[in-house]
Amino acid sequence: MFRDEYFNKRKELLKRNHVYRNHINKFIDYLSLPEVKLADKPTRIDKDVVEACIKYYHDKGDLNSRSTMECHLESIKSFYNYLSEVDKAKDIFSNYSYSKFKDDIVEKYSLLEPVERGSYDCEDIKSILINLDKAIDQFLEESSGIREEDRHLQRIILRLFIKITLVAPAKRSVITDIKRADIKEGFKKLYINDIYINIPCGLSRDLHSALKYAESKNKEPIKEEDNIFEYLYRYKGKFRVESLNTWFYNIAQDFGVLKNERKNKKTLAVEPIKNMVIQMMVDNMINPVFISKIAGLTLSMIEATYYPKDWNVKYEEDINKCINKSIAQNDYYCYV
């Protein structure tokens, strides 16, 4: 009954994410099994039941990759978001790290990791950031309508996501799971993938101003346990990670960049930003062990993806760039 209500109330969402319907049906089929018998007990379902469902379909050979598992989880997550909104059941994904839960499942069941291809040109990303800075600075809240305000918030969130990715090229799910408690030392350190990353001064200011803007809208300060991106979007509704691709497409279109990448598409993936950063780290001869750690990828995947057989060291002859890279390695750099 609740499933049918969800299908009826979330028609637009299901049009955009048609696989949700199939995965939710599979989930309820599992709950209906004689050995499970939980289809009529939605309030008794927790993350252990969800994991058991994944194991069941993995053992059957229906769920063997991380991408399929994530589709399955996102479907169930969306279903329980709806149930919590209408007070039919608690959101079973709200009291722990969702991204860690996914990573643990991948490791436990040896699910195949996707090999993400594609990378953006650094000049295009720099152009996007320059235009984002200008657009955000020029926004006049007093004379804006709802659509302009929505676009302004999306740009604030995207600027943070892109800049964090540039200094910490971790997976999208890891970045969007950053909590306020992960921002340390007066917005100068970021704790991510079990390491501390220096936050450049510009990004520090962006973080501070974004949270200040969200606080004025949410009418309450952010808590240490709050997710940064969910807090920024809270006054508008539920933040959805997949929205980043749509917003990224929109700003690329607004600023007239990434034209070839936008052809015949309605969204633009943000993951190639991470790929671009990792490739630049490889070309700059950064230790692949360090890259593996910050990216959250296995060393073998880093080597297979970013070090092809014909890979050669790219020597940088520009003395200006060499000197600036050397200066940037000093501890004080992020405070300047």
Side-chain angles (χ1 to χ4, degrees), residues 9-10 12-13 16-17 20 70 73-75 77-86 91-99 102 128-129 132-133 135-137 139 141 144-165 168 170-183 187 190 192 199 203-254 266-271 273:
K9 297 292 186 180
R10 295 291 189 266
E12 289 302 313
L13 174 66
R16 299 193 303 271
N17 303 279
Y20 281 17
E70 288 187 337
L73 278 181
E74 288 295 332
S75 304
K77 191 172 188 289
S78 175
F79 183 37
Y80 266 84
N81 280 340
Y82 167 76
L83 293 182
S84 66
E85 287 173 9
V86 296
D91 184 353
I92 56 178
F93 296 96
S94 61
N95 295 324
Y96 56 92
S97 171
Y98 180 56
S99 63
K102 291 191 293 185
I128 285 174
L129 288 175
L132 275 174
D133 285 341
I136 291 171
D137 289 343
F139 175 72
E141 189 171 0
S144 67
I146 294 177
R147 291 188 65 182
E148 289 81 5
E149 185 187 345
D150 286 346
R151 188 164 61 171
H152 179 63
L153 177 61
Q154 292 168 14
R155 288 174 172 177
I156 287 174
I157 292 173
L158 270 173
R159 180 171 70 174
L160 280 183
F161 177 85
I162 293 171
K163 288 190 177 182
I164 291 173
T165 303
K171 296 176 183 177
R172 183 182 71 171
S173 60
V174 174
I175 291 177
T176 53
D177 196 46
I178 292 171
K179 306 290 192 297
R180 174 61 185 89
D182 297 323
I183 310 297
F187 294 89
L190 169 64
I192 186 169
I199 300 177
L203 176 53
S204 177
R205 284 195 297 263
D206 292 344
L207 272 166
H208 189 271
S209 63
L211 293 176
K212 187 176 180 180
Y213 177 79
E215 183 176 338
S216 70
K217 297 293 184 179
N218 293 330
K219 307 301 181 185
E220 60 178 355
I222 189 171
K223 300 181 178 67
E224 287 293 293
E225 66 271 17
D226 283 342
N227 177 294
I228 293 283
F229 290 92
E230 289 179 2
Y231 176 78
L232 292 176
Y233 201 73
R234 182 180 297 170
Y235 78 98
K236 285 293 181 182
K238 187 79 173 179
F239 172 72
R240 302 186 186 282
V241 175
E242 56 268 23
S243 296
L244 290 172
N245 291 344
T246 301
W247 299 347
F248 188 56
Y249 176 92
N250 290 340
I251 64 166
Q253 188 176 50
D254 290 343
K266 293 184 178 179
T267 64
L268 205 57
V270 295
E271 285 84 353
I273 301 172

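Just the heavy atoms: all of them, side chains too, but no hydrogens, waters or symmetry mates, feed the values below. If you read the sequence from its start, that first residue is 1, and numbering goes on from there. Quantities reported herein were computed from a predicted structural model and do not represent experimental measurements.
The two atoms that bring Phe248 and Leu268 nearest to each other are CD2-O, 3.5 Å, heavy atoms only. The two residues Ile175 and Ala170 come nearest to each other via the heavy atoms CD1-O, 3.8 Å. The two residues Leu232 and Ala210 make their nearest non-hydrogen contact at CD2-O, 3.4 Å.
Here Lys212 pairs with nothing under the side chain to side chain donor-acceptor pair (under 3.5 Å) rule; sequence neighbours left out. For the ring pair (Phe, Tyr, Trp, His ring centres under 6.0 Å) test, no residue two or more places apart in sequence or in another chain qualifies with Tyr235. For Tyr231, there are no ring pair (Phe, Tyr, Trp, His ring centres under 6.0 Å) partners at least two apart in sequence or on another chain. With sequence neighbours excluded, no residue forms a salt bridge (charged side-chain N to carboxylate O under 4.0 Å, His left out) with Glu74. Every residue meeting the side-chain contact (heavy atoms from CB on, under 4.5 Å) condition with Arg205, not counting sequence neighbours, appears here in chain and number order: Cys201. With sequence neighbours excluded, no residue forms a salt bridge (charged side-chain N to carboxylate O under 4.0 Å, His left out) with Glu215. For Glu225, the side-chain contact (heavy atoms from CB on, under 4.5 Å) partners two or more places apart in sequence, or in a different chain, are Lys223. Checked against ring pair (Phe, Tyr, Trp, His ring centres under 6.0 Å), Tyr82 has the following partners two or more places apart in sequence or in another chain: Tyr6. Residues that satisfy the side-chain contact (heavy atoms from CB on, under 4.5 Å) test with Lys179, not counting sequence neighbours, are Asp177, Asp182, Asn227. Under the rule for a side-chain contact (heavy atoms from CB on, under 4.5 Å), the partners of Thr267 that lie at least two apart in sequence or sit in another chain are Asn245, Thr246. Every residue meeting the ring pair (Phe, Tyr, Trp, His ring centres under 6.0 Å) condition with Phe93, not counting sequence neighbours, appears here in chain and number order: Tyr98.
Without hydrogens or angle criteria, Arg180 side chain to Ile183 main chain gives a donor-acceptor distance under 3.5 Å.
Between Lys9 and Glu85, no side-chain nitrogen of the basic residue sits less than 4.0 Å from a carboxylate oxygen of the acidic one, so the salt-bridge criterion is not met.
Relative to the ring axis of Tyr213, Arg234 does not place its NZ or CZ within 45° and under 6.0 Å from the centre.
Taking OG from Ser78 and CD from Glu242, the interatomic distance works out to 8.0 Å, rounded to the nearest 0.5 Å. From Ser243, atom OG reaches atom NZ of Lys238 across 12.0 Å, with rounding to the nearest 0.5 Å. If you take CZ on Arg240 and CG on Leu13, they are separated by 6.0 Å, rounding to the nearest 0.5 Å. With rounding to the nearest 0.5 Å, the separation of CG in Asp226 from CG in Asn218 is 9.0 Å. Here Ile164 contributes atom CD1 and Leu190 contributes atom CG; the two are 6.5 Å apart, rounded to the nearest 0.5 Å.
By the 4.5 Å heavy-atom criterion applied to side chains, Thr165 and Val270 are not counted as neighbours. Within the 4.5 Å cutoff, side-chain heavy atoms of Ile228 are placed close to those of Leu211. Here the side chains of Asn81 and Arg10 are not in contact, with every heavy-atom distance at 4.5 Å or above. Using a 4.5 Å heavy-atom threshold, the side chains of Lys236 and Glu149 count as touching.
The aromatic ring centres of Trp247 and Phe229 sit 6.0 Å or more apart.
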Validation: residues 152-161 side-chain donor-acceptor distances under 3.5 Å, sequence neighbours left out:
unit_1, atom_1, unit_2, atom_2, d
Arg155, NH2, Asp254, OD2, 3.1
Arg159, NH1, Asp133, OD1, 2.8
Arg159, NH2, Asp206, OD1, 3.4

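Using bins of under 30°, 30° to 60° and over 60° for the plane-to-plane angle, the ring pair Phe187/His208 lands in the perpendicular bin.
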